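Inspection log for the structure reproduced underneath, given as structure tokens.
Here the structure is a predicted model, which is why all the values come from computation and not from measurement.
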Amino acid sequence: MADSWATPRDEPGQPTDGLGQRTDGPVPRTGGPAGPGTDLHLDLPRGGGTGVRDALIRALRDAVRGGRLAPGTRLPSSRSLAADLGIARNTVADAYGELVAEGWLTARQGSGTRVARRVVPPEPAPPRTPPPAAVAATRPTYDLRAGQPDVSAFPRSAWLSAARRALTAAPNDAFGYGDPAGRPELRRVLADYLARARGVRAAPERIVVCAGFVQGLALLSRVRAKAGHRAVGVESYGLDVHWNVMRGAGLRTVPLPVDQQGARTAELDRSTGLRTVLLTPAHQFPTGVSLHPDRRAAVVDWASRVSGLILEDDYDGEFRYDRHPVGALQGLDPEHVVYLGTASKSLAPALRLAWMVVPDHLLDDVLAVKGTGEWQSGALDQLTLAEFIDSGAYDRHVRGMRMRYRRRRDQLVAALAERALRVRVTGIAAGLHAVLQLPPGTERSVVQGAAWQSLALEGLSRYRYREQRQPDEPGPGPAGQPDEPGPGPAGQPDALVFAYGAPPDHAFTGALDALCRVLP
């Protein structure tokens with residue numbers, strides 16, 4: 001390395017101040033050092049070429065950023081700096097030109113090259129790395145919170161094969177911006193699959209592909225608010241992230257009580273002006289009950305009488321274990337029910353693929369909102385899913401996962417029968433989670449005990465609608481964030497929501513043992 005002081009050559013007869021700065025020249029008009037005699041301390045590699053040029057650029061940039069060269073400082077001429085550093089003048093001129101283009105320096109005729117007059121932000125502090133012990137303390141050994149499938153079982157090889165076939169056959173227009181409704185190949189395949197597997201009545205033209213269920217719910221909420229609706233009915237147990245999405249669109253949420261027969265849909269007639277309701281009829285989340293046939297008929301009749309709209313969340317309809325899956329509510333009245341499905345539980349949340357089957361009278365309004373800059377799922381992922389379903393791989397994967405989840409459910413039931421006689425398990429006919437009914441007053445202590453065992457569990461109170469909580473009971477946290485557990489109000493059970501679908505196979509036995517250790 002050449003450790004150089006870059007100073008101009010003193011001309012004979014020109015007095016200096018001993019630091020290379022002539023004393024008889026004009027006084028600079030800047031606040032910092034100025035003039036062609038500025039000293040520059042630069043560490044550069046010996047030799048020439050682009051390596052020296054790049055090193056010079058970095059050294060000058062660092063000097064400006066670090067404050068060693070103040071705004072307005074005049075730099076030595078390219079000839080003087082090149083001579084002092086022992087490098088080619090063109091190398092210095094190129095470096096100056098690059099820094100002028102970047103905005104670090106300015107160059108004007110008669111004024112020379114100067115440091116630009118601007119505020120240079122300080123270097124960002126390096127990211128703080130928490131000690132390993134702190135990271136370990138925040139990551140549970142077993143995460144049994146509801147909301148995701150066993151992502152370790154994602155069918156990577158089959159998905160990759162489908163992606164290759166889909167990419168090979170993809171038309172050129174698939175690489176453009178696309179239709180807000182989604183790729184026609186996926187909508188066609190979905191129409192066939194949903195009719196066969198879920199009893200949904202839909203033409204491909206009525207299907208809208210979304211980047212997840214929440215996007216679909218947000219679109220529908222905005223459409224309803226734009227049409228003048230002000231309220232939406234929701235089940236008294238559910239996800240606060242969904243309630244918050246609808247509130248964010250300007251809708252007021254009205255809770256419907258939930259019991260062993262699902263949501264009490266008769267309550268809809270008692271809410272004046274209510275024309276929209278969000279339900280999970282096949283498998284109520286999180287209690288796990290199915291909407292009773294009488295209540296299914298009643299809610300469809302209500303929607304027809306008041307020209308209302310039912311938003312059907314069929315989040316895990318494929319996973320039913322003891323009998324055939326309950327068909328979609330949409331099949332009873334396609335003009336008053338929007339069916340919403342997703343690949344998040346059947347495949348993986350990372351795909352960001354969901355779909356809505358929209359009534360004819362609502363389709364244009366939904367597409368109008370979605371077409372105004374709303375984000376879309378990637379076209380190639382849509383084509384891959386279409387191929388995955390069309391080839392039969394999706395059915396094979398769902399059947400395999402259904403068997404896997406059923407084995408885990410049976411393990412859970414057997415373990416509780418043997419090791420936790422005071423706990424009753426419910427909601428096990430379908431889905432990826434079960435509700436464990438606890439002795440009164442024990443929910444909070446069990447959840448806290450689970451945390452001490454590095455076991456992430458949530459109490460049923462986490463999913464209870466805010467207005468049904470006791471005044472001293474914590475309400476729903478920010479969207480997507482769990483509450484602190486609280487005691488159930490009078491008449492509301494103490495319980496756990498146990499997501500047996502989430503852990504990978506190799507971890508499930510350990511998770512089950514940890515659960516049994518904390519149960520009363």
Side-chain angles (χ1 to χ4, degrees), residues 145-147 213 217 231-247 251-271 274 276-303 308-317 319-320 326 328-329 337 340 424-438 440 443 458-470 473-476 482-483 485-499:
R145 292 171 293 189
F213 170 84
L217 183 61
V232 56
V234 298
E235 294 163 326
S236 59
Y237 284 89
L239 284 172
D240 53 11
V241 63
H242 297 167
W243 303 332
N244 291 339
V245 163
M246 293 183 285
R247 292 165 182 160
L251 300 176
R252 178 175 56 89
T253 55
V254 179
L256 301 178
V258 171
D259 57 25
Q260 283 69 31
Q261 296 183 346
R264 297 180 189 170
T265 53
E267 301 286 335
L268 291 168
D269 283 319
R270 301 177 186 176
S271 298
L274 193 62
T276 311
V277 62
L278 172 66
L279 298 175
T280 51
H283 188 228
Q284 202 284 325
F285 184 86
T287 65
V289 300
S290 296
L291 189 62
H292 190 275
D294 290 345
R295 294 184 180 181
R296 289 166 66 93
V299 72
V300 169
D301 177 66
W302 166 84
L309 191 67
I310 304 166
L311 312 182
E312 179 180 11
D313 179 4
D314 193 36
Y315 64 101
D316 63 358
F319 297 112
R320 193 159 191 97
V326 176
L329 189 67
V337 181
L340 296 106
R424 185 169 64 93
V425 59
T426 62
I428 58 174
L432 309 181
H433 70 274
V435 176
L436 311 186
Q437 303 287 346
L438 302 173
E443 180 181 313
E458 290 177 332
L460 186 61
S461 61
R462 156 70 179 91
Y463 300 100
R464 192 173 296 130
Y465 188 82
R466 181 187 298 272
E467 291 181 5
Q468 289 195 350
R469 297 169 185 254
Q470 296 287 12
E473 184 179 4
D483 295 345
Q492 300 293 345
D494 283 67
L496 296 178
V497 179
F498 178 85

How close do [X] and [Y] get, counting heavy atoms only, and between which atoms?
| X | Y | answer |
| --- | --- | --- |
| Ser271 | Val254 | OG-CG1, 3.9 Å |
| Ala298 | Thr265 | CB-OG1, 3.9 Å |
| Pro493 | Leu460 | CG-CD2, 4.0 Å |
| Leu274 | Gly233 | CD1-N, 3.6 Å |
| Thr276 | Ala231 | CB-O, 4.1 Å |
| Val435 | Ala495 | CG1-CB, 3.8 Å |

Any side-chain heavy atom of [X] within less than 4.5 Å of one from [Y]?
| X | Y | answer |
| --- | --- | --- |
| Arg252 | Val232 | no |
| Pro281 | Val326 | no |
| Leu311 | Leu309 | yes |
| Glu267 | Leu256 | yes |
| Val258 | Arg264 | no |
| Leu329 | Ile310 | yes |
| Arg320 | Ser290 | yes |
| Tyr465 | Glu235 | no |

Between [X] and [Y], does any side-chain donor sit less than 3.5 Å from a side-chain acceptor?
| X | Y | answer |
| --- | --- | --- |
| Ser461 | Glu443 | yes |
| Glu458 | Tyr463 | yes |
| Arg464 | Ser236 | no |

**Request:** Starting from the C-alpha separation in whole Å, work towards a yes-or-no answer on side-chain contact (heavy atoms from CB on, under 4.5 Å) for Leu291 and Gln284.
**Result:** CA-CA 7 Å; Leu291 189 62; Gln284 202 284 325; over 6 Å; no

**Item:** Basic-acidic side-chain contact under 4.0 Å: Arg295, Asp259
**Value:**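 Salt bridge between Arg295 and Asp259, a charged N being under 4.0 Å from a carboxylate O: yes.
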
**Request:** Kindly indicate, with the supporting measurements, whether the criterion ring-ring contact (aromatic ring centres under 6.0 Å, His included) is fulfilled by His433 and Phe285.
**Result:** CA-CA 9 Å; His433 70 274; Phe285 184 86; 5.2 Å; yes

**Request:** Could you go through the side-chain contact (heavy atoms from CB on, under 4.5 Å) check for Arg247 and Thr253 one step at a time?
**Result:** CA-CA 7 Å; Arg247 292 165 182 160; Thr253 55; 3.2 Å; yes

